[in-house]
Amino acid sequence: MSQQTAQFINAIDTTPSQPEDCGLGHACNFCPQENSCQLDKTIHNTTLVQNRLQGINWIILVMANKGGIGKSTVAANLAVALAEQGYSVGLGDADVHGPNAPRILGLQDARVKVSHNGISTPRYQFNDNKTVQVGSLGFFLEQVDTPVVWRDSYKHDYIHHLIGSFYWGALDFLVIDMPPGTGNELITLTDMLEGSNLRSLLVSSADAIALQDSLKAARFSLDKKIPILGLVENYAGTVCPHCGGEINLFPRADEIDEFESMGIHTLARIPFSPDIAQGASKGCPAAGDTNTVIGEIFADLAKGCKEAAVADAQGLKADLAASFSGMEIDIAEISNGNPELQAQLEGLIVQEKQHLAS
C-alpha cells in the first residue's frame with residue numbers, strides 16, 4: 001500500500017459516536033446543575049467551542065503588544081465599519097483587566113442573560129438597522145471601576161467563555177480586541193482557534209518604541225502561522241484647527257521599514273482626531289458616519305481587511321488544490337473490490353477537487 005493511499009484511508013472518518021451531551025449553549029460553570037450533572041463536562045466545553053466556531057467565518061485579532069495605542073478604539077470602529085458594509089459582525093473583548101468595548105459602544109449599562117442558547121450578546125445599533133454584537137467581561141462587573149484581579153487560570157476560562165459561551169450565532173466577522181502583550185490570553189485564544197479562519201491586524205503609533213513592541217506581535221503571529229492582514233498606524237498626525245496645516249505628532253520611525261520587509265503593509269493611517277475620542281466617550285464610534293474623513297478611513301480599512309483575508313485564503317486554497325491534484329490514490333485498493341464503496345470514494349474525490357478549484 002502506498003503512503004498516499006494509507007494517508008487517505010486514515011483521513012476517512014472512523015471517529016466513534018460522541019458521548020451524550022446536554023446540548024446547552026454555555027459552559028458548565030453557568031449551569032445550576034453543574035454539581036449534580038453526570039455528563040462529561042470536558043467533552044461538553046470542548047464541543048461548545050467547536051460548534052460556535054462553525055458559525056463564524058472570519059476572526060480578526062486586533063493586536064499591538066503595547067497598551068495605550070488605540071487597539072480598543074480601532075477594534076470597535078473596525079467592527080462598526082464592517083457592519084456598515086452589510087456584514088454580520090461581533091466584537092469580542094478579550095481584555096480582562098480593561099474591558100472597554102461596552103463603554104466605546106454605549107453599552108456599559110447593559111447586562112447579559114444566560115439561556116439555553118448561551119450568554120446573550122448585547123447589540124450596538126446604529127444607522128437604522130445596522131448592529132454589532134458584543135461580548136465582554138464588562139457586562140459582568142458590578143461597577144465600571146471594579147478591578148479584575150485574576151490569576152491565569154481564571155483568564156483561561158474566560159477566554160473559552162468568550163468564544164464558546166456567548167451566543168454569537170452566524171457571523172461573517174468576529175473582531176477580537178486583544179490585551180497588551182503576548183501572554184496567557186493570546187496564547188489561550190490562538191491555541192483554541194487553531195484551524196479556523198484566523199487573522200491578525202496590528203496596531204501601532206508611528207514612533208520607534210511603539211513600532212518595536214508591535215513587531216513582537218507580528219513575530220508572534222508569524223511563529224503561530226497566523227496570517228497578518230496589515231498594520232494600522234494610529235495617531236498618524238493631526239490637522240491644526242487654526243491654519244489647517246498637518247502636524248506629525250509621531251514622525252514615522254525607521255522601524256516601519258521592518259514591517260514592509262516582512263510583507264506587512266500599512267492598511268490605514270488614522271489621524272489624531274477629536275471626533276474619534278468624542279465618539280468613544282459618547283458610545284457612538286466615528287466609523288458609523290461614513291460622510292466624514294474618519295468614517296471614510298475606517299470604511300477603507302474594513303474593505304482592506306476583507307480583501308486581504310480573501311486573497312490569503314485563495315492563495316492557500318490554490319496550494320491545497322495543487323497538492324491534492326498531485327496525489328495518486330488507489331481507489332480499487334481502498335474499496336477492496338466493493339463497487340459501491342469505490343463509486344462513493346470516486347464521487348468524494350471529484351467533489352473535493354471541484355471545491356478546491358472553486
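- Within a 6.0 Å sphere centred on CG of Asp145, other residues, nucleotides and ligands contribute more than 12 heavy atoms.
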TODO: Could you go through the side-chain contact (heavy atoms from CB on, under 4.5 Å) check for Leu39 and His44 one step at a time?
DONE: CA-CA 8 Å; Leu39 299 178; His44 171 70; over 6 Å; no
Open item on the list: With side-chain contact (heavy atoms from CB on, under 4.5 Å) as the criterion, how do Ile176 and Leu174 come out once you've worked through the C-alpha distance, each side chain's angles and the decisive distance to 0.1 Å?
Closed with: CA-CA 6 Å; Ile176 301 182; Leu174 176 60; 4.0 Å; yes
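- Applying the 6.0 Å contact sphere to CZ of Phe259 captures more than 12 heavy atoms from other residues, nucleotides or ligands.
- Here the closest non-hydrogen pair linking Ile69 and Ala210 is CG2-CB, 4.4 Å.
- Taking the side-chain hydrogen bond (donor to acceptor under 3.5 Å, both in side chains) definition, one finds that Asp109 meets it with nothing, sequence neighbours left out.
- For Leu229 against Ala309, the heavy-atom pair with the smallest separation is CD2-N, 3.7 Å.
- Test Asp191, Asn184, Leu189 against Ile187 for side-chain contact (heavy atoms from CB on, under 4.5 Å) and you get one pass: Asp191.
- Taking the six-membered ring for Trp and the full ring otherwise, the centers of His161 and Phe30 sit less than 6.0 Å from each other.
- A pairwise comparison of heavy atoms in Asn100 and Asp93 identifies N-OD2, 3.1 Å as the closest pair.
- Hydrophobic clustering of Ile, Leu, Val, Met, Phe, Trp and Tyr side chains at less than 4.5 Å, counting indirect connections, keeps Leu301 apart from Ile104.
- In this structure, Ile247 and Phe272 have side chains that are not in contact, with every pair of non-hydrogen atoms separated by 4.5 Å or more.
- For Lys306 and Asp172, the salt-bridge test fails: no basic side-chain N is under 4.0 Å from an acidic carboxylate O.
- Side-chain contact check for Ser205 and Asp207: at least one donor-acceptor pair (N or O, by modelled atom type) lies under 3.5 Å.
- Cluster annotation: Phe140 is connected to Val96 through the hydrophobic network of ILVMFWY side chains, with a link wherever side-chain heavy atoms come within less than 4.5 Å.
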TODO: Could you check Met63 against Val203 for side-chain contact (heavy atoms from CB on, under 4.5 Å), going step by step and ending with a plain yes or no?
DONE: CA-CA 6 Å; Met63 304 168 53; Val203 181; over 6 Å; no
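- Here the closest non-hydrogen pair linking Thr290 and Glu296 is O-CG, 3.6 Å.
- Inspection of the Asn65 and Ser214 side chains reveals no N or O donor paired with an N or O acceptor under 3.5 Å.
- Classified by interplanar angle (parallel below 30°, tilted 30° to 60°, perpendicular above 60°), the ring pair Phe173/Trp58 is parallel.
- Screening Leu82, Val132, Leu201 for a side-chain contact (heavy atoms from CB on, under 4.5 Å) involving Val175 leaves a single residue, Leu82.
- Considering every non-hydrogen atom in both Ser196 and Ile59, the closest pair reads OG-CD1, 4.1 Å.
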Open item on the list: Could you walk me through whether Glu34 and Asn29 satisfy the side chain to side chain donor-acceptor pair (under 3.5 Å) test, starting with their C-alpha distance in whole Å, then the side-chain angles of each, then the deciding distance to 0.1 Å, before giving a yes or no?
Closed with: CA-CA 7 Å; Glu34 179 184 9; Asn29 309 64; 4.8 Å; no
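- In this structure, a donor-acceptor pair under 3.5 Å is present between the side chains of Thr266 and Glu233.
- Closest approach of Gln85 and Ala299 over heavy atoms only: NE2-O, 2.9 Å.
- Checked by atom type, the side-chain pair His97/Lys155 shows a donor-acceptor distance below 3.5 Å.
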Task: Worked verdict on Val80 versus Phe126 for side-chain contact (heavy atoms from CB on, under 4.5 Å) - done: CA-CA 9 Å; Val80 169; Phe126 67 104; 3.6 Å; yes
